[in-house]
There are 2 protein chains.
Amino acid sequence: MSHSRDTDAFSPHDHRRCIRTAIAEAERICLEHNSRLTPQRQAVLELIWSSHKPVGAYALLEQLRELGHNGQPPTVYRALDFLLQHGLIHRIESLNAYTGCRHPGEHHTGQFLICSQCQQVAELDDPSLGSRIEDSAARHGFVADSQVIEIRGTCPQCQQQDSHEPR
Amino acid sequence: MSHSRDTDAFSPHDHRRCIRTAIAEAERICLEHNSRLTPQRQAVLELIWSSHKPVGAYALLEQLRELGHNGQPPTVYRALDFLLQHGLIHRIESLNAYTGCRHPGEHHTGQFLICSQCQQVAELDDPSLGSRIEDSAARHGFVADSQVIEIRGTCPQCQQQDSHEPR
DNA sequence: GACATTATGTTACACTATAACAACTTTTTC
DNA sequence: GAAAAAGTTGTTATAGTGTAACATAATGTC
Ligand SMILES: [Zn+2]
Ligand SMILES: [Zn+2]
Ligand SMILES: [Zn+2]
Ligand SMILES: [Zn+2]
């Protein structure tokens, strides 16, 4: 019953649907785990999902304050920890920033396409790529637990714009 | 004439040879680029190569001070920038730490095996994995410039130890 | 030697993340 | 339902990572 369609984050789409789906999935997963999606945690999750650009913890903190929530670093880091542990968001290591997970619930390490131009991030979920990497590690006798895959480049939209505005 | 043998960082080996080779290669590359491998830069490179465990900038700073060098953060970050730009070291994003590059000179993004137990890092150089990732991105219309591939797990040595000390 | 270029010294600060403990809420147990 | 336990949030302070900006010194070019 997973609704996670494979619409690319880069392609134009009804993003409110992304948000709604993310919240709904979060509620479902928290129910399953007997965890509580408190107002603060939900607020952070919604802020993260406000776009497909990863957000830093302190940017989130700023926005939380504007929403009238309490504003100290531990507040936001606790919410982030919770969301990370429940697989609702990912941390982008090369950006020190956080982005919503598109396939929550299915334990997985993310594979990310990061556009250097528009800052947007799309999450790949290519299991065969994952196992290809495991194989590569295994060939050196290494047992892989988790992977950080972050690919920087140019997204389709930004490529088009580039070709329209040469020079 | 490249001496970069494919000895794994994890396997026991004459590590002084790693260091010697690294410095020699660094000198060669700097000569090629008309860049100067100053004493400070070389000191940082040697410290990084003192083991196969990635080192943080401030740990380096500490060690530099013990060697009598000037000790302010910019000093070490400048050296790191220089070494990064010349492809002599890599930054491990998920550790905020730096490690020596085993194939300097050949423009490449590193692929790293990081042992959670002994903290040592081995650098893979699997071009076919690189292109496999590019393909995966291309399938989404994404043009990849660079990749961050960091695989966490257990190295062969630590696996053996684990099996000797069960429980 | 005068000049431009490159490298280093120095101070101060910005950004990212956590430790430690107190107060409050919700859930569980009796 | 009161008491205890577990979980969540508030609060203060601090640790860890990285840069900006400007001064000084060393090196290379003519
Ligand atoms: Zn969306
Ligand atoms: Zn883009
Ligand atoms: Zn070695
Ligand atoms: Zn190991």
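Predicted model, so just to flag it, every value in this text is computed and none were measured. Just so it is clear, the values below take in all heavy atoms, side chains as well, and ignore hydrogens, waters and symmetry mates. Labels below follow one simple rule: chain letters A, B, ... track the order of the sequence lines, proteins then strands, and each chain is numbered from 1.
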Below 4.0 angstrom, N of the basic side chain to O of the carboxylate: do R139(A) and D126(B) qualify?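 Yes, R139(A) and D126(B) are salt-bridged.
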Give one of base, sugar-phosphate or nothing for F82(A), where a contact means two heavy atoms less than 4.0 Å apart.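 No contact.
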Mind checking the CD-SG spacing from Q120(B) to C158(B)? Nearest 0.5 Å is all I need.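 Answer for the CD-SG pair, Q120(B) versus C158(B), is 7.5 Å.
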Taking only nitrogen or oxygen atoms into account, show me every contact under 3.5 Å that the protein makes with nucleotides 9-13 of chain C, one pair per line with its distance.
residue : atom : partner : partner atom : Å
dG9(C)  : OP2  : Q40(B)  : NE2          : 3.0
dG9(C)  : OP2  : N70(B)  : ND2          : 3.2
dG9(C)  : N7   : R78(B)  : NH1          : 2.8
dG9(C)  : O6   : R78(B)  : NH2          : 2.3

Is the distance from OP1 or OP2 of dT8(D) to the nearest side-chain N or O of Y77(A) less than 4.0 Å?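 For Y77(A), the contact criterion (side-chain N or O under 4.0 Å from OP1 or OP2 of dT8(D)) is not met.
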Please determine whether a side-chain nitrogen or oxygen atom of R91(A) lies at a distance below 4.0 Å from atom OP1 or OP2 of dT16(C). no
To the nearest Å, give me how far apart [atom1] ([X]) and [atom2] ([N]) are.
X	N	atom1	atom2	result
L60(B)	dT17(D)	CG	P	11 Å
N34(B)	dT6(C)	CG	P	11 Å
L64(A)	dG10(D)	CG	C1'	14 Å
L37(A)	dT9(D)	CG	P	10 Å
R65(A)	dT9(D)	CZ	C1'	15 Å
L80(A)	dT18(C)	CG	C1'	13 Å
L95(B)	dA17(C)	CG	P	14 Å
Q42(A)	dT8(D)	CD	P	15 Å

Return yes if some donor-acceptor pair links the side-chain N/O of S50(A) with the main-chain N/O of L47(A) below 3.5 Å, else return no.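 At least one qualifying donor-acceptor pair exists.
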Under the 3.5 angstrom rule, does the side chain of T21(B) hit a backbone N or O of R17(B) as a donor-acceptor pair? yes
Testing the 3.5 Å rule here: is there a donor-acceptor pair between the side chains of N96(B) and R91(B)?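 Per modelled atom types, N96(B) and R91(B) side chains form a pair under 3.5 Å.
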Does one side chain, of E150(B) or S94(B), offer a donor that lies under 3.5 Å from an acceptor on the other? yes
Using 30° and 60° as the class boundaries, would you call the ring planes of F142(A) and F10(B) parallel, tilted or perpendicular?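 Aromatic pair F142(A)/F10(B) classed parallel.
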Nearest-nucleotide wise, let me know which of G56(B) and H69(A) is further upstream toward the 5' end of DNA chain D.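 Its nearest nucleotide lies further toward 5', so the answer is H69(A).
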As a test of reading the structure: which of dA7(C), dT8(D), dG18(D) is closest to the side chain of R36(B), going by heavy atoms?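 So the nucleotide nearest the side chain must be dA7(C).
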